[in-house]
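These numbers come from a predicted model, not from an experiment. Here is how names work: the chains are called A, B, and so on, in the same order as the sequence lines, proteins then strands, and each is numbered from 1.
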Amino acid sequence: MTNDKKLFIGFVGLFAIVNAILLGGGYLDMGWTSLGVIVAAGLTISLYSFLYHDNPLFKLAEHIFVGVAAAYIFGIYWYQSLYGEVIVRLFSIGDDPGTTTQRLLLLVPSILGLLILTRLSVKTAWLSRISFAFVVGVGAGFTIPRYISAFVLSQIEPTIRPITMDLDGLNLVLIMIGVISVLVYFFFSVEHRGFVGGVSKVGIWFLMISFGASFGYTIMARLSLLIGRVRFLLDDWLHVM
Amino acid sequence: MDLLNIDRRIIFVFVFVGVAIPLMLDFSFPIKPTEPVIRVFDEFERVAGEKDPVVLVSFSYGPSTEPEMQPMAMAILRHAFSRDIKVIAICLVADGPGLAEQALAQVGAEYGKEYGIDYAFLGYKPGLWAPIINMGQDFHNAWPRDARSTLISDVPVAANIRDLNDFDLVFDLASGDSIEFWWIPFGVEKYKFPFSAGCTAVMAPDLYPFLQSNQLRGMMGGLAGAAEYEHLIEIPGSATAGMRAQSVTHLIIVAFILLGNAAYFASRRKVTA
Amino acid sequence: MFLTRTMPTLLAFLFGAVAVIIYYVPHTVAQEIERELSLWLRILYAFAYFLGLYSILNLHWNRISRREGGWAYSGVAIASFLVMSFFVVYNDGAGPFAPQATAGGYQWMFTYIHVACSSTMFSMLAFYIASAAYRTFRARSSDAAILLVAAIILMVGRVPVGRAISDFFPEAAAWLMEVPNLAAKRGIMLGVSLGAIATSLRIIFGIERSYLGGGEE
Amino acid sequence: MRWRASRVVTLLGVAVLFPVVLSAQAPPRAIAFDTPNDAGGSITVTWPRVDGNGTTNHLVYVATAEAGPYNLAAEVKGKGAVLSDDPGNYGRGEEQDATHFVHVSDFTTADGRQPLDNDVTYFIRVAASKDGMEARGAITSAMAEANFINWAKTNNFVIGTALSLIILVSISLARRKEMFIRRIAGLEAIDEALGRATEMGKAVLFVHGLREMDKISTIAAVNILGQVARKTAQYDTLLKVASYDPVVMSVSQETVKEAYLEVGRPDAYNEDHIFVAGTDQFSYAAAVEGMMVRERPAAHIMMGYFYAESLLLAETGSQTGAIQIAGTDAFTQLPFFVTTCDYTLMGEELYAASAYLSREPRMLGSLKGQDIGKAFLIAALLFGSLLATAGMPFITHALAAH
C-alpha cells in the first residue's frame with residue numbers, strides 16, 4: 001500500500017469517527033445544515049492537506065471545486081443576466097416595464113453575444129472578432145477620459161499644494177520627491193546612470209517601502225481569513241470554542 | 001538543524017497554532033482608532049445630521065473574504081441604524097447577496113428596522129463597473145426591482161432615489177477592484193457623490209493616495225480597521241475578538257523573520273571568517 | 001481580409017470613439033447611449049462565459065477519453081458540474097424561466113462546497129505568506145533591508161499588540177502609509193494610467209490589434 | 001509687519017460685516033439660470049453672500065406661472081455653498097466667493113415631489129428667513145436645458161488630446177527610425193527558461209492573470225505570449241497556456257497559432273493546450289496549482305494582472321523547482337513575485353517588455369510617448385508646486401478634476 005493510500009484511508013476513517021462522535025454527542029443533528037457543515041469541513045481539510053503535499057484528497061476536492069464553480073457561475077449569468085436582463089425583456093415576461101425600443105436595442109448585444117460563440121467552430125470563428133472589437137473598443141473608450149480625470153488630474157492636483165514651513169510641508173515635499181523619483185524609475189528612454197540613476201535609486205527606496213507596506217498588510221489580511229476558517233472548523237464543526 | 005532552510009511545514013504548524021489557541025482563550029489588547037477609520041465614523045455622523053438620510057451600501061465582496069469584510073458590514077450597519085440612517089444595499093459581485101442579506105436581516109432585527117421602509121436590498125448586477133454608470137444616470141433603470149422582485153417604485157426607501165447624487169453617502173465594502181477601478185473612475189469622478197469605503201487589508205495601502213485627494217473620504221482597512229470601528233461605536237464584535245489571534249500570529253511571523261535573518265548573518269560571518 | 005481584420009478594427013474605432021465623446025456630452029441622449037453601451041458589455045460577458053465553459057469541459061473530457069493519468073478526477077469535475085447544473089436548471093422547483101430561488105440544492109452546494117473551497121484556498125495564503133516571508137525576507141541588500149523594516153513596522157504597528165509594546169510602532173506605521181507609501185503608489189498610478197491611456201488609444205486608432213490574435217498585419 | 005496685516009484683516013472684516021448686519025432681513029437679490037454642463041432638469045439659483053453666524057436660512061420657491069402658486073423647492077440652512085465651491089462650473093474669483101448658490105431640480109407640491117422639466121420657464125423667488133420671519137425677494141425666471149458640451153471637462157479634453165497627439169506622433173516617428181529603450185533585466189531569463197525546458201524535454205506553462213482583454217496588462221501579456229510561442233515552436237517545446245477569461249483564451253489561441261505558422265510549424269500547434277482552467281479565481285488557482293505539481297513544467301511564465309492567486313501559484317511553483325518569471329502591474333502582488341520568482345518585471349516594465357521583445361514600432365513609439373507624458377507630469381509637479389508656494393496656484397487650478 002502506498003503512502004497516499006494510507007493517508008487517504010486514515011483520513012476518511014478519522015473523519016468518519018469524529019463526525020460520528022459529533023452526531024452521537026448531539027453537537028450536529030441529522031439535517032441538511034449539519035450535512036453541509038460536515039461536507040465543508042471535509043473539503044476544507046482536504047484542501048489544506050496540499051500544504052503537506054499533493055495527494056488524492058486534494059485532487060478530489062480540487063476537481064469537485066472546479067466543477068461546482070463552473071456551474072455556479074452558469075447559474076449567476078443565467079438568472080442575473082441572460083434570463084433576468086435579456087429574455088425577460090425580449091419576451092415581456094411578467095410585468096416587465098420595457099418599451100419596444102428597449103426590446104429592439106437588446107437584439108444588438110444578443111446577436112453580438114451569439115457571435116462570440118462562433119469561436120467554437122473553426123470556419124465561423126472570425127465572426128467572433130466583431131464582438132471582441134466591441135468589447136475591447138468600448139472598454140478602451142470608457143477608459144481614456146476617466147483615467148485622465150480619476151488617476152491623473154485628481155492625483156496631480158493634491159500633490160501641488162503650497163509648501164509650508166512645518167511638518168505637513170515636509171511631508172508634502174517628501175511625497176513630491178517620491179512621486180517624481182518613482183516616475184523617473186519607470187523611464188525607459190534613458191539608461192539608469194548618473195543623475196537619472198541616482199534619482200531612480202531613490203525611486204526604488206520608495207517602491208521598497210510601499211512593497212513592505214503591502215506585504216505587511218497582506219499578511220494581516222491573509223491571517224484574518226485563516227482566523228475565519230479556523231473559527232469555522234473549531235466552532236461550527238467541532239464546537240470547541 | 002539548519003535554520004536557514006527549515007521545512008516550511010514547521011512554519012505552517014506554528015501559524016496554525018498561533019491562530020487556533022488565542023481564539024480559544026480570552027484576553028484583549030487596548031484598541032486605538034486610526035485616522036482613516038475615524039474619518040469613516042465622522043462621515044456617518046455627518047449623514048445622520050442630514051434631512052431624511054439615506055446611504056447606499058455596496059457589498060462588493062464574496063464569502064472568500066467574509067472573515068475580514070462581514071465584521072465591517074455589521075459595524076457600519078449598526079452605526080447607521082442606531083442613528084436612524086436609511087440603508088439601500090446592492091451587490092456588485094456575484095457571490096455577495098447571501099452575506100448582504102444576512103447582515104441586513106440581523107442588524108435590522110437588532111434595531112427593529114423594517115424592510116422596505118428603513119432599508120432595502122436590491123440584489124446583484126453583473127458588469128463590474130457598468131452598473132455604476134447606470135446608477136449614476138438613472139437609479140430605477142439600473143434596479144427595476146429589489147431582490148424580492150418588488151418593483152422599485154413600490155419600495156418606499158428607494159422610491160424617491162433618482163441617481164447616485166440622491167444618496168448622502170455611498171459606502172463600498174470591497175475585496176477587489178471595486179473601489180479603485182470601479183467606483184472612483186466610473187462613479188465618484190463623474191457624479192461627485194460623497195464616497196467612503198471599507199476594504200481588505202491587502203488593498204488598503206493602494207488607497208492612501210485617494211484618501212489624501214479626498215476621492216475617498218474615509219477608509220476602514222482589514223480586520224484591524226473593523227476592530228477600530230467596533231471600538232468607535234462601542235459595540236465589540238468578531239473583529240475585536242479576532243485581534244487576539246491576529247496579534248499573536250503577527251508576532252510569530254516577525255519572530256520567524258528575525259530568526260531567519262539572524263541565521264543568515266551568522267552563516268555569512270562563518271563564510272567570511 | 002476586410003471582414004476578418006479591417007471591419008473589426010473599424011468597429012473598435014467607432015465604438016471607442018463614441019465611448020470617448022459621450023463622456024464630454026452631458027445631454028440626455030449621450031447619457032442614454034452610455035447606459036446602453038454599459039448594458040451591452042454586461043450581456044456580452046455573460047455570453048463569453050460559455051466559451052470558457054466549453055474549454056474547461058473539453059479539457060477534462062479529453063483527459064477522460066485519452067485515459068490520461070488521473071483521468072478519474074476529471075470525471076469527478078464533470079460529474080460535480082452536472083450535479084450543480086441540474087440544481088441551476090431545477091431552481092428549487094421553479095424551473096429556469098423564473099427568478100432565481102434563494103434556497104434549495106443550488107444554495108446548499110454554493111454555501112457548503114463553493115464557499116468552503118474558496119475561503120479555504122484563500123486562507124491557505126496565510127501559510128504560504130508566512131513561509132515566503134521566512135525564506136526570502138533577508139537583509140541581503142539595502143533595498144531588501146528597507147522592505148524588511150517597513151513590513152515589520154507595519155505588521156507590528158497595525159495590530160493592537162503594537163501599541164502595547166510601544167507607541168512608536170502605530171505612529172511609524174501611520175507615517176509610512178501616509179507619506180512614502182502614498183508617494184510611491186501615486187507615482188506608480190500616474191505611470192500605469194499613462195500606459196492604460198496609451199493602450200486604449202492604440203486600440204481605438206487600430207494600431208493595437210493583438211486583441212484580434214496573431215501578428216500585426 | 002504682523003500687527004499691520006492683522007489690522008487690515010479686521011478692518012476688512014468690519015467693512016464686509018457692516019452692511020450685512022443691516023441687510024440680514026432684507027430680501028435677497030436672486031438670479032436664476034440653467035445649470036451649466038448637465039443633462040437638464042436643473043436650474044441654478046444664486047444670491048449675494050450672507051456673512052455672520054449663519055442663522056439666516058434661505059428658502060427657494062418655484063412656480064410654473066408668474067402669479068404662483070410658489071412651492072418650496074430648496075432650503076439652504078445657514079451659510080450654504082458659494083459659487084467658488086464648484087469652480088468647475090462657475091470658476092474662481094471674488095465675485096464667486098461672494099455669491100451663494102443652490103441647484104434646484106424639483107419642488108414640493110401637495111402631490112409630492114415634482115421634477116423640473118426641460119425647456120419650460122419656471123418662476124423663482126428666494127426668501128431670507130430668520131427667527132420665523134420671512135422676507136421674499138423679487139421674482140426671477142429661468143429654463144432648464146440639456147447641454148451639449150460639458151465645459152467643466154475642458155482640461156480633461158485638452159490633456160487627452162495632447163496625450164493622444166504625443167503618442168500617435170511618437171508611434172509614427174518610431175516607424176521611421178529605431179528607438180532606444182533601456183535594457184530590462186530579467187528578459188534574457190525568458191530565453192534561458194525556454195532553453196532549459198527544451199533540454200529537459202518538459203513543458204512551459206504560461207499564465208496570464210485574471211484581467212479582461214481590453215486591459216493593458218493583458219494585451220502586454222498576449223504580446224509576450226506571441227514571442228514565447230515563436231521560440232517554443234522553433235525549439236519544439238510543449239507550451240501550455242492556462243487562461244481564466246474566455247475571450248483572452250480565444251485571443252491567445254489565435255496568437256499562438258499565428259506564431260507557429262510564422263516559424264513554419266503549424267503541425268505542432270494544438271488548440272487544446274490553450275484552455276480555461278477554472279471559471280472563478282480560486283477554482284482556477286487550485287487547478288493551476290494542481291497542474292504545476294503534477295505535470296511539473298520546467299518553466300512558469302506569469303505575465304499580466306494578478307490578484308490573491310499570485311502567491312498561491314508562485315509559492316507552489318517555487319516548490320516544484322521550475323524557473324519562474326513573472327511580470328505584473330498589480331503592485332499589491334509584486335512583493336510576492338519578487339520573493340518567490342527568479343525574475344520579476346515590475347509594473348510598467350511589463351508593458352516595456354513586450355515592446356523590447358518584439359521591437360515593433362507601434363509599441364516602442366507608444367512607450368516613448370508615455371515617457372514624454374511622464375516628463376510633462378514631472379514638469380507640472382515641479383513648477384506647479386513652486387508657483388503654488390509662491391502664491392500663484394494657477395497650475396494647481398488648471399489641473400483640478402471637476
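At a 4.5 Å heavy-atom cutoff, the contact between B/F210 and chain A is made by backbone and side-chain atoms alike. Of the two parts of B/Q215, only the side chain, counted from C-beta on, holds a non-hydrogen atom closer than 4.5 Å to a non-hydrogen atom of chain A. Proximity to chain A is absent for every atom of B/A226, based on heavy atoms less than 4.5 angstrom apart. Interface residue B/N141: only side-chain heavy atoms are found under 4.5 Å from chain A. Contacts between B/F12 and chain A at a heavy-atom distance below 4.5 Å involve the side chain alone, from C-beta outward. Only the backbone of B/S64 comes within less than 4.5 Å of a heavy atom of chain A; no side-chain atom from C-beta onward does.
Between the side chain of B/E68 and the backbone N or O of A/L225, no donor-acceptor pair lies under 3.5 Å. Counting only distance, with no hydrogens or angles, the side chain of B/R9 and the backbone of A/Y52 share a donor-acceptor pair below 3.5 Å.
With rounding to the nearest 0.5 Å, the separation of CD in B/E180 from CZ in A/F151 is 5.5 Å. Atom CG of A/L223 and atom NE2 of B/H250 lie 5.0 Å apart (nearest 0.5 Å). Interatomic distance, A/T143 OG1 to B/W129 CH2, rounded to the nearest 0.5 Å: 7.0 Å. Once rounded to the nearest 0.5 Å, the distance linking CD of B/E189 with CD1 of A/I148 reads 10.0 Å.
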Would you sort out whether B/S213 and A/Q155 count as a side chain to side chain contact (heavy atoms under 4.5 Å, CB included), showing the intermediate values? CA-CA 7 Å; B/S213 64; A/Q155 291 301 315; 3.6 Å; yes
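Among pairs with a residue in residues 208-218 of chain A, those fulfilling side chain to side chain donor-acceptor pair (under 3.5 Å) read A/S214-C/K185, A/Y217-C/R158, at least two apart in sequence or across chains.
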